[in-house]
2 protein chains.
Amino acid sequence: MKPKSKGKKTLKEYISKERLKSTKQRDVIFDEFFSYPGHHVTTEELYERVKKRSSKIGHSTVYRTLKLFKDCGLAFERNFGDGRTRYEPVKFEGEHHDHLICIECGKISEFKDRRIEHYSKEVARLNDFEVINHKVELYGYCSSCRKSK
Amino acid sequence: MKPKSKGKKTLKEYISKERLKSTKQRDVIFDEFFSYPGHHVTTEELYERVKKRSSKIGHSTVYRTLKLFKDCGLAFERNFGDGRTRYEPVKFEGEHHDHLICIECGKISEFKDRRIEHYSKEVARLNDFEVINHKVELYGYCSSCRKSK
DNA sequence: ATTCATGCAAAATGTTTGCAGCTGT
DNA sequence: ACAGCTGCAAACATTTTGCATGAAT
């Protein structure tokens, strides 16, 4: 018997706690979302992928389902300034990564730095603020765009 | 004779360098933008304020002018996830501040931490990335919303 | 049975664009 | 005179909503 992923369990628990319903669509969207190669899917991209498997799904279902994932802590909502909202699966190892965004080619890469996280938490404490999520984004030129400048 | 602010000078220089034109609207928007109490104006808010002084101004002029400010380095474009783009005047002392955003009441407060900036730069260097701008945003509950939970 | 979810299309939102007339250089 | 700017309305893109039907509890 295949064990459920931790994420799927989180979703099912949230659904039953809130008296929502498990549906085929939610499962398909879940699978596509968590198997998406590369993080930061836009809703449109995910919709296109899901549509290939389940062709009569509607746009709104994808929107609503991503909000649901966000509400149950499975996804972060991100916005890198190109007008489209992106969603990123939350990792369960408690890791958090941040982003380098190239303003020339649009490439988004990730990094992780404990010290930045550490000081962020400290700032929050000093401000009597309870941090739920944090973002660190560095905008600039990636190495390949720098070379071709 | 009243001296021009450094910001106004930057704008005028940019305008002449790019062969653009100085207009009444740009001046009014400039004044309102830099005298806005609180940072992070949305375009709509700024439009409303400008309209009070110069009632036949159009929406698009405000949009276009804020982009102009961004292009000449007078403003940062920000997006805190509520669907509206906000603009923030760039300070001339070279300071950079970051944000605490309350997900309950929406309050945005600012902080500044040199260590976070320092490590951000270091990460960039390791990734052969040239940073132009960076964002650190902590999302969570502010002290008053924590109290009333 | 009841309540929630879906898909569709319509509406709402925020932003951009085309263009005729106007303004600054 | 020329090139750029404005205001307006229309276009656009993304996201939300209303509603009749269908599915899960």
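None of these values were measured; they are calculated from a predicted model. Quick note on labels: first sequence line is chain A, next is B, and so on, each numbered from 1. Heavy atoms only: backbone and side chains are in, while hydrogens, waters and symmetry mates are out.
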**Q** Quick check: do A:His134 and A:Asp98 have side-chain heavy atoms less than 4.5 Å from each other?
**A**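 A side-chain contact under 4.5 Å exists here.
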**Q** Would you please confirm or rule out a distance under 4.0 Å between OP1 or OP2 of C:dT15 and any side-chain N or O of B:Lys67?
**A**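 Answer no for this pair, as no side-chain N or O of B:Lys67 is under 4.0 Å from OP1 or OP2.
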**Q** May I ask you to test the B:Lys52-B:Arg49 pair for a side-chain heavy-atom distance under 4.5 Å?
**A**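 They are not in side-chain contact.
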**Q** What's the CZ-C1' distance between B:Phe80 and C:dG14, to the nearest Å?
**A**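 Atom-to-atom, B:Phe80 to C:dG14, this comes out as 17 Å.
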**Q** Nearest whole angstrom, please: distance from the C1' of D:dT15 to the CD of A:Glu77.
**A**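 About 11 Å, once rounded to whole Å.
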**Q** Check step by step if side chain to side chain contact (heavy atoms under 4.5 Å, CB included) holds for B:Lys67 and B:Tyr87.
**A** CA-CA 9 Å; B:Lys67 287 246 152 64; B:Tyr87 287 87; 4.1 Å; yes
**Q** Can you check the A:Asp82 CG to C:dG14 C1' distance for me, whole Å?
**A**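 Distance, rounded to whole Å: 14 Å.
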**Q** Starting at atom CZ of B:Arg86, determine the distance to atom C1' of C:dG14, rounded to an integer number of angstrom.
**A**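 Roughly 13 Å, once rounded to whole Å.
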**Q** Separation of B:Tyr63 atom OH from C:dG18 atom P, in whole Å?
**A**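 In whole Å, C:dG18 P and B:Tyr63 OH are 17 Å from each other.
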**Q** What does nucleotides 5-12 of chain D look like as a protein-contact string, B for base, S for sugar-phosphate only, - for none, at under 4.0 angstrom between heavy atoms?
**A** SBBBB---
**Q** When the distance from NZ of A:Lys17 to C1' of C:dC4 is rounded to whole Å, what number comes out?
**A**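 That distance rounds to 17 Å.
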**Q** What is the distance from CD1 of B:Ile15 to C1' of D:dA3, rounded to the nearest Å?
**A**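 Rounding to the nearest Å, CD1 of B:Ile15 and C1' of D:dA3 are 14 Å apart.
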**Q** What is the distance, rounded to the nearest whole Å, between atom CG of A:Asp27 and atom C1' of D:dA24?
**A**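 So the CG-C1' distance, A:Asp27 to D:dA24, works out to 12 Å.
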**Q** Give one of base, sugar-phosphate or nothing for B:Thr85, where a contact means two heavy atoms less than 4.0 Å apart.
**A**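 The answer is sugar-phosphate, as B:Thr85 gets under 4.0 Å only of primed atoms, P, OP1 or OP2.
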**Q** Picking from A:Glu88, A:Glu110, A:Arg86, what satisfies side-chain hydrogen bond (donor to acceptor under 3.5 Å, both in side chains) with A:His39?
**A**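 Exactly one pass, corresponding to A:Glu110.
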**Q** Do B:Leu100 and B:Lys107 come close enough that some side-chain heavy atom pair is under 4.5 Å?
**A**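 The answer is no, as the side chains (C-beta and beyond) never meet within the 4.5 Å cut-off.
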**Q** Taking the ring of B:Phe69 and the ring of B:Phe33, is the distance between their centroids below 6.0 Å?
**A**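 Yes; B:Phe69 has its ring centre under 6.0 Å from that of B:Phe33.
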**Q** Report yes if some heavy atom in the side chain of B:Asn127 is under 4.5 Å from a heavy atom in the side chain of A:Ser143; otherwise report no.
**A**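 No, their side chains stay 4.5 Å or more apart.
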**Q** B:Arg26 and B:Leu20: side chain to side chain contact (heavy atoms under 4.5 Å, CB included), yes or no, with the steps?
**A** CA-CA 11 Å; B:Arg26 286 176 176 171; B:Leu20 306 176; 4.0 Å; yes
**Q** Please determine whether side chain to side chain contact (heavy atoms under 4.5 Å, CB included) holds for the pair B:Phe111 and B:Leu138, giving the CA-CA distance in whole Å, both sets of side-chain angles, and the decisive distance to 0.1 Å.
**A** CA-CA 10 Å; B:Phe111 69 90; B:Leu138 310 180; 4.1 Å; yes
**Q** What's the angle between the local helix axes at either end of the helix from C:dA1-D:dT25 to C:dT25-D:dA1, using five pairs per end and rounding to 10 degrees?
**A**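 Comparing the axis at each end, I get an angle of 30°.
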